[in-house]
Amino acid sequence: FTLEGWCAIHLAVHHGKLDMINWLIRRNKDEIYVKTKDGKNIIHLAVMWGREKVIDFLLDEAPQLIDEEDALGRQMIHYAADADNQPLVERLLAIDPQISHRKDHLQFNPLHIAALNNRTKVFKYLLERDPLLLLAPTEKGEICTHLAAARGHTPIFNIIMESPNE
């Protein structure tokens, strides 16, 4: 491990080195489950850094990583929402249609994450797909409207106002 709590597989994911990742996993299958100090696994990191080929490889090799949580209870769907990666969100929903309802330890679902971080593509997609997510409260009772307004995210607020289900 490095001082930041990364091991070789985390560094390989960071650099998108699929050949290294494959070799490390073939050498020791448990490498798939090694987490950083803050509880991120390799698929969380791949999504954060936009490593699409790594994501594809890991979904094929270890689809169970979809359900793995980090230290905050966030799963792959939360990271995909934060990255505004609509194609990945669509892919995850095709695997598990209820994945958009997954909540972290603060009761944030992926729509909350998108609203909080002004991720308009994913926000609009998730809202159109499941309008009831808009009214789901966080641990503090906030809904997406609160999160967008508190951060001054006008694009998200406009999507909410234009929603027929608002």
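Computed over heavy atoms, backbone and side chain alike; hydrogens, waters and symmetry mates excluded.
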Please report the closest heavy-atom contact between [X] and [Y], naming both atoms and the distance.
X	Y	value
L24	A8	CD1-C, 3.9 Å
A12	M20	CB-CB, 3.9 Å
H15	R51	C-NE, 4.0 Å
V122	A80	CG2-O, 4.2 Å
A81	R119	O-CG, 3.3 Å
K103	A136	NZ-CB, 4.2 Å

Determine, using the 4.5 Å side-chain heavy-atom cutoff (strictly less than), whether [X] and [Y] are members of one ILVMFWY cluster.
X	Y	result
M76	V54	yes
L132	I143	no
L134	V89	yes
M48	Y33	yes
I9	L65	yes

Scan I25, N41, I21 and name whichever one has a side-chain contact (heavy atoms from CB on, under 4.5 Å) with I32.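 Only match with I32 under side-chain contact (heavy atoms from CB on, under 4.5 Å): I25.
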
Using modelled atom types only, decide if a donor and an acceptor are shared between the side chain of [X] and the backbone of [Y] within a distance under 3.5 Å.
X	Y	answer
D130	L126	no
H10	C7	yes
H78	R102	yes

State the [atom1]-[atom2] distance between [X] and [Y], to the nearest 0.5 angstrom.
X	Y	atom1	atom2	answer
D67	I99	CG	CD1	6.5 Å
N109	D104	CG	CG	9.0 Å
I95	L59	CD1	CG	5.5 Å
D84	K124	CG	NZ	12.5 Å
C144	L133	SG	CG	7.5 Å
L92	I77	CG	CD1	4.5 Å

Strictly below 4.0 Å, N to O, side chains only: are [X] and [Y] in salt-bridge contact?
X	Y	answer
K35	E68	yes
R91	D56	yes
R74	D82	no

If you measure only the distance, is there a donor-acceptor pair under 3.5 Å linking the side chains of N85 and Y79?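 Their side chains do not contain a donor-acceptor pair, so the 3.5 Å distance test is not met.
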
Are any of the side-chain heavy atoms of [X] and [Y] separated by less than 4.5 Å?
X	Y	result
F123	H153	no
W23	D19	no
I55	V47	yes
L116	H112	no
N22	L18	no

Take F108 and L147 through the test side chain to side chain contact (heavy atoms under 4.5 Å, CB included) and record every step on the way to the result. CA-CA 11 Å; F108 278 63; L147 298 171; 4.0 Å; yes

Quick check on K17: does its NZ atom have over 12 non-hydrogen neighbours (other residues, nucleotides or ligands) under 6.0 Å away?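 No, NZ of K17 has 12 or fewer neighbouring heavy atoms, counting only those of other groups under 6.0 Å.
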
NZ of K29: more than 12 outside heavy atoms within 6.0 angstrom?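 Counting other residues, nucleotides and ligands, NZ of K29 exceeds 12 neighbours.
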
Could you go step by step and tell me if S100 and R129 meet the side chain to side chain contact (heavy atoms under 4.5 Å, CB included) rule? CA-CA 10 Å; S100 60; R129 192 175 189 324; 5.9 Å; no

Given the side-chain rings of H14 and W6, with only the six-membered ring counted for Trp, is the space between their centroids under 6.0 Å?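 Between H14 and W6, the centre distance is under 6.0 Å.
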
Can T120 and I159 be said to form a side chain to side chain contact (heavy atoms under 4.5 Å, CB included), step by step? CA-CA 8 Å; T120 56; I159 292 168; 4.1 Å; yes

Stepwise side chain to side chain contact (heavy atoms under 4.5 Å, CB included) test for R151 and F157: CA-CA 10 Å; R151 292 261 177 116; F157 208 84; over 6 Å; no

